[in-house]
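When a residue number appears, it is its place in the shown sequence, counting from 1.
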Amino acid sequence: MTFDDVRALALAWPEVEDGTSYGTSALKVRNKMLARLKEDGDSLVLPGVPPDERAMLVESRPKLFYFTDHYRDYSIVLLRLSEARAADVAPLLRRQWRALASRKAVAAFDCG
C-alpha cells in the first residue's frame, strides 16, 4: 500500500480532508488527525489505538505494526505501508474516523 491508497480509502468517507501534520501528508476529520505519513515515507501514524491493543498488534504482526519510544505514552500505532494491505488499514482507520466525525456524518454514511 501507499499513502495514496490510504488517502483514496479515507476520502470516500464524509468530513475527511487532505492536510498536513508535522510537515508530512495527513488526513483529517474536522481538523483532527485521522492518520499521517511518518517522515520515513513508509509508515502510517494511526491514532486511536490504545496501548494494550497496540501491544497485541505489535506482538502478533511485528513486520507490519510497531511503535517508537516517542509514541510510547500515546494511543498510536505505526504501520509499515510497504507491508500493509487495505484489510490491515481500513478497520483501524474507520474506527478513528467514527470517533472524529460528526454523529450526523456517521449516521448518513451508515444509512447510505
Side-chain angles (χ1 to χ4, degrees):
M1 276 194 96
T2 66
F3 189 77
D4 285 338
D5 297 327
V6 174
R7 177 185 285 120
L9 176 71
L11 287 175
W13 302 329
E15 301 182 340
V16 176
E17 297 179 340
D18 270 317
T20 60
S21 180
Y22 299 100
T24 64
S25 295
L27 296 163
K28 296 184 176 188
V29 177
R30 296 172 11 152
N31 243 4
K32 296 191 174 143
M33 188 174 72
L34 175 63
R36 79 171 181 92
L37 187 63
K38 197 167 178 331
E39 294 79 4
D40 66 8
D42 183 49
S43 298
L44 190 63
V45 179
L46 286 165
V49 180
D52 58 337
E53 181 181 353
R54 177 183 66 196
M56 185 271 308
L57 290 170
V58 170
E59 184 176 324
S60 65
R61 300 185 68 193
K63 288 184 178 181
L64 180 61
F65 296 104
Y66 73 104
F67 68 98
T68 63
D69 283 342
H70 176 75
Y71 294 105
R72 183 171 307 281
D73 296 328
Y74 298 96
S75 293
I76 289 175
V77 71
L78 302 174
L79 175 141
R80 289 180 183 90
L81 288 168
S82 59
E83 299 286 333
R85 295 171 295 132
D88 300 317
V89 178
L92 297 171
L93 205 58
R94 188 170 33 255
R95 180 176 68 191
Q96 183 66 357
W97 171 76
R98 287 179 171 282
L100 297 176
S102 67
R103 280 193 230 141
K104 182 178 178 180
V106 172
F109 181 78
D110 288 347
C111 289

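- Judged as a side chain to side chain donor-acceptor pair (under 3.5 Å), and not counting sequence neighbours, R94 has no contacts.
- Note that the CZ atom of R80 and the CG atom of L44 stand 12.5 Å from one another [nearest 0.5 Å].
- The ring pair (Phe, Tyr, Trp, His ring centres under 6.0 Å) analysis of residues 44-93, with sequence neighbours excluded, yields no pairs.
- Taking the side chain as every heavy atom from C-beta outward, V45 and L78 approach each other to under 4.5 Å.
- In this structure the side chain of L92 reaches within 4.5 angstrom of the side chain of E53, judged on heavy atoms.
- Applying the ring pair (Phe, Tyr, Trp, His ring centres under 6.0 Å) test to pairs two or more places apart or on separate chains, none has a residue in residues 25-60.
- Side-chain contact between V49 and R95 is present, with heavy atoms from C-beta onward closer than 4.5 Å.
- Between the CD1 atom in I76 and the NZ atom in K38 there is a gap of 10.5 Å [rounded to 0.5 Å].
- Scanning for side chain to side chain donor-acceptor pair (under 3.5 Å) contacts around E15 gives S102, with sequence neighbours left out.
- You'll find the side chain of R7 reaches within 4.5 Å of the side chain of L27, heavy atoms only.
- The side chain to side chain contact (heavy atoms under 4.5 Å, CB included) with V6 is formed by just one residue from the set L79, V89, L34, L11; it is V89.
- Residues passing the side chain to side chain donor-acceptor pair (under 3.5 Å) test with T2, sequence neighbours excluded: D5.
- To the nearest 0.5 Å, atoms CG (L93) and CG (D88) are separated by 12.0 Å.
- Ring-plane geometry between W13 and W97 is classed as tilted, the angle between the planes lying from 30 to 60 degrees on a 0 to 90 degree scale.
- With sequence neighbours excluded, the residues satisfying side-chain contact (heavy atoms from CB on, under 4.5 Å) with S60 are M56.
- More than 12 heavy atoms of other residues, nucleotides or ligands lie within 6.0 Å of CG in D4, so this atom counts as buried by the packing criterion.
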